[in-house]
Amino acid sequence: MTSFTATYSPEDNKIRIYASSRLDAETYAQVKEAGFKWAPKQELFVAPRWTPQREDLAIELAGEIEAEEMTLAERAAMKAERLEGLADKRHAQANAFARRADELSQAFYMGQPILVGHHSERGARKTQERMHSAMTAAVKAEKAAGYWLGRASSAEHYASRKSDPRVRANRIKMLLAELRDLQRGINRAHAALAIWEEITTDEQIRHALGNRDSRELWSGYDLYYKVDKGEITPADARQQCIDGATLAVNGPNRGRWIEHVLHRLAFERSMLGDVPRYDGELTPVIIQAFAREHGAESPKCTAIAAAVFRLESPVPLPAHIASASTLELSESDWRDLMQGCGYTVPEKKTRRASRKPDAVPLINPSAEQARQLQAVWNLRMVAACKGKYGAAKPAEIYTTTQAIYSENYKGDYALFKTVEIAADGRRVRMDWQGHERVRSGEPVARIRISTIGSEFYKPDSVVVITDKPGKPLPIDLDALEADARHAAAEETAA
């Protein structure tokens, strides 16, 4: 009678079945149907990954599943040794074929030609064919030796890479993503059950099936058409959706998958070392991030008392966190739970320093200062237009509300703009110097301007927001106005 031994290795997530003798046809078909493959060199059946069905079959055959004694590194070393043996064998064959080709080539020593028509022609041509065949076989055997050596190196590299800390950390991220996907299905099923509790009448059922997402209701995409054609009653359709969602919540397979992923996470983390207990400042945001990473649906955490936090979710929390939709723990208990689940609070990333210069303050000047700055701009325009074809036109300040300004300040041709001004009251612009654009001055403030009624030889209008408090501009307007009047007077006298 055939006896079985089943093992599981968390390193590669594979189930292996060892049989003491050849399997009968029925058992062999059962094992093959479950996805196990025969590994002749190891003399065992191996499944590419764990599943509940494969675990059940292994337990049925062997009675229990034991831990795999051979590590991945040891298995890789055995495989590499076997492949290196094949490479040595092919290398020896290549040398033998090369020697044979060299021996046959002696028949053509010193360039001895084949004598056409001579009685030795037939033998010479056969010798030549054998020599070429031996050389081809040597080349093929040498290529095969290189191939098997490459396979041996790959096997050892794969084993060492699987144990690399960075690769293991990435594997933990993948397992956490798988855990969230599994938990997301349970969360959707809970939400669907809550929806069906409120939908009871035939009219409500028809409307829900026809207008809501089938995934939201846990229904098939064709269930609405079956109800519409009369193939199934609305009440039966509702019950079918409820049964499917209930199976997702309470069914054994999804729960076993989650438990298996949690065990794999625990193993991978143990290989990286003990998870440290978080000793920094605990905040609701940290607890929410922990719950979200472990599959909680829209978690919300609040501090309800000194060092006490409550975590809430619209659906029950993951089973390994809590058995209800709320969890209230002290700060110390939250730290223990996060450590027990292997959660490490990520470190805050330092922001890269921006290359943009610091923005200067946006100032809403008083009406008096706005008029004074507008006077400076008007006087400078008079001086700039002296001797030109057009005469300078003065501009007045523009008063408006914040709401009107906000509606009309976007775009290249907007009525209002926000500009930077320097300490001399001039607008800071971007000018070309060589092959780069630089500022025409060092800004000290930002103000709002208006282009309404703009014309040639007319400056922009300073805007004053009437429903916002005014602030003083960080420039000496009295001195600027005096200098502008003096310059305008000199231009007029000239």
Side-chain angles (χ1 to χ4, degrees), residues 351-400 402 404-406 408-466 468-494:
R351 291 187 177 182
R352 186 173 56 182
S354 175
R355 294 182 180 180
K356 294 182 178 180
D358 296 336
V360 292
L362 175 61
I363 293 178
N364 178 42
S366 64
E368 181 181 354
Q369 281 200 320
R371 291 191 188 94
Q372 198 171 8
L373 179 60
Q374 189 70 59
V376 172
W377 287 1
N378 290 339
L379 290 169
R380 286 175 176 172
M381 181 62 71
V382 170
C385 293
K386 187 66 176 178
K388 295 187 177 180
Y389 296 107
K393 300 177 183 180
E396 300 291 334
I397 68 170
Y398 194 93
T399 58
T400 185
Q402 180 64 53
I404 295 177
Y405 180 87
S406 299
N408 298 277
Y409 85 101
K410 292 184 178 179
D412 293 337
Y413 301 99
L415 301 179
F416 301 117
K417 294 181 180 179
T418 300
V419 299
E420 295 176 330
I421 60 172
D424 59 0
R426 299 182 186 276
R427 181 176 170 180
V428 178
R429 302 177 183 273
M430 298 300 293
D431 298 330
W432 284 100
Q433 288 188 6
H435 297 285
E436 61 178 349
R437 297 184 69 190
V438 297
R439 291 184 172 187
S440 59
E442 188 66 28
V444 296
R446 289 181 297 155
I447 61 171
R448 302 171 180 89
I449 63 171
S450 170
T451 58
I452 298 175
S454 60
E455 303 178 44
F456 286 114
Y457 310 115
K458 182 178 180 180
D460 296 321
S461 299
V462 180
V463 172
V464 177
I465 304 298
T466 57
K468 291 180 71 72
K471 294 182 180 179
L473 289 169
I475 56 180
D476 189 353
L477 289 172
D478 294 334
L480 293 179
E481 185 178 5
D483 292 342
R485 291 188 182 280
H486 180 68
E490 288 182 350
E491 290 292 338
T492 303

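Below, each value reflects all heavy atoms present in this structure, side chains not excepted, and no hydrogens, waters or symmetry copies.
Other residues, nucleotides and ligands contribute only 12 or fewer heavy atoms inside 6.0 Å of the CZ atom of R371.
Put simply, CE on M430 and CZ on R437 are 5.5 Å apart, with the number rounded to the nearest 0.5 Å. Rounding to the nearest 0.5 angstrom, the gap separating the CG atom in D424 from the CG atom in D476 is 12.0 Å. To the nearest 0.5 Å, the span separating CD on E396 from OG on S450 amounts to 12.0 Å. Annotation: the span from I449 atom CD1 to L415 atom CG amounts to 11.5 Å, rounded to 0.5 Å. Expressed to the nearest 0.5 Å, how far CD1 of I421 lies from CG of L373 amounts to 5.5 Å. Interatomic distance, C385 SG to K458 NZ, rounded to the nearest 0.5 Å: 13.0 Å.
The two atoms that bring A445 and I363 nearest to each other are CB-CD1, 4.0 Å, heavy atoms only. When all heavy atoms of M381 and Y457 are compared, the closest pair comes out as CG-O, 3.5 Å. Here the shortest heavy-atom pairing between V463 and P365 reads O-CD, 4.2 Å.
Every residue was checked against the side-chain hydrogen bond (donor to acceptor under 3.5 Å, both in side chains) condition with Y398, not counting sequence neighbours, and none meets it. Taking Q402 as the reference, Y405, S406, R448, I465, D467, K468 meet the side-chain contact (heavy atoms from CB on, under 4.5 Å) condition, with sequence neighbours excluded. Every residue two or more places apart in sequence or in another chain was checked for a side-chain hydrogen bond (donor to acceptor under 3.5 Å, both in side chains) with R426, and none qualifies.
In this structure, the side chain of R446 engages the main chain of V360 through a donor-acceptor pair within 3.5 Å. Formation of a donor-acceptor pair under 3.5 Å by the Q374 side chain with backbone atoms of V462 is found in this model. Not a single donor-acceptor pair under 3.5 Å links the side chain of E455 to the backbone N or O of K393. One N or O on the side chain of W377 and one on the backbone of G425 form a donor-acceptor pair closer than 3.5 Å. Under a 3.5 Å cut-off, the side chain of T399 and the backbone N or O of V464 do not form any donor-acceptor pair.
Look at D460 and K417 and you find no salt bridge, because none of the NZ, NE, NH1 or NH2 atoms lies under 4.0 Å from a carboxylate O.
The closest side-chain heavy-atom distance from Q369 to I475 is not below 4.5 Å. The shortest distance between side-chain heavy atoms of I397 and S461 does not fall below 4.5 Å. Under the 4.5 Å side-chain criterion, counting only non-hydrogen atoms from C-beta, V419 is in contact with I447.
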>> Assess the residue pair R380 and L480 against the criterion (side-chain contact (heavy atoms from CB on, under 4.5 Å)); give the C-alpha distance rounded to whole Å, side-chain angles, the decisive distance to 0.1 Å, and a yes or no.
In response: CA-CA 10 Å; R380 286 175 176 172; L480 293 179; 3.9 Å; yes

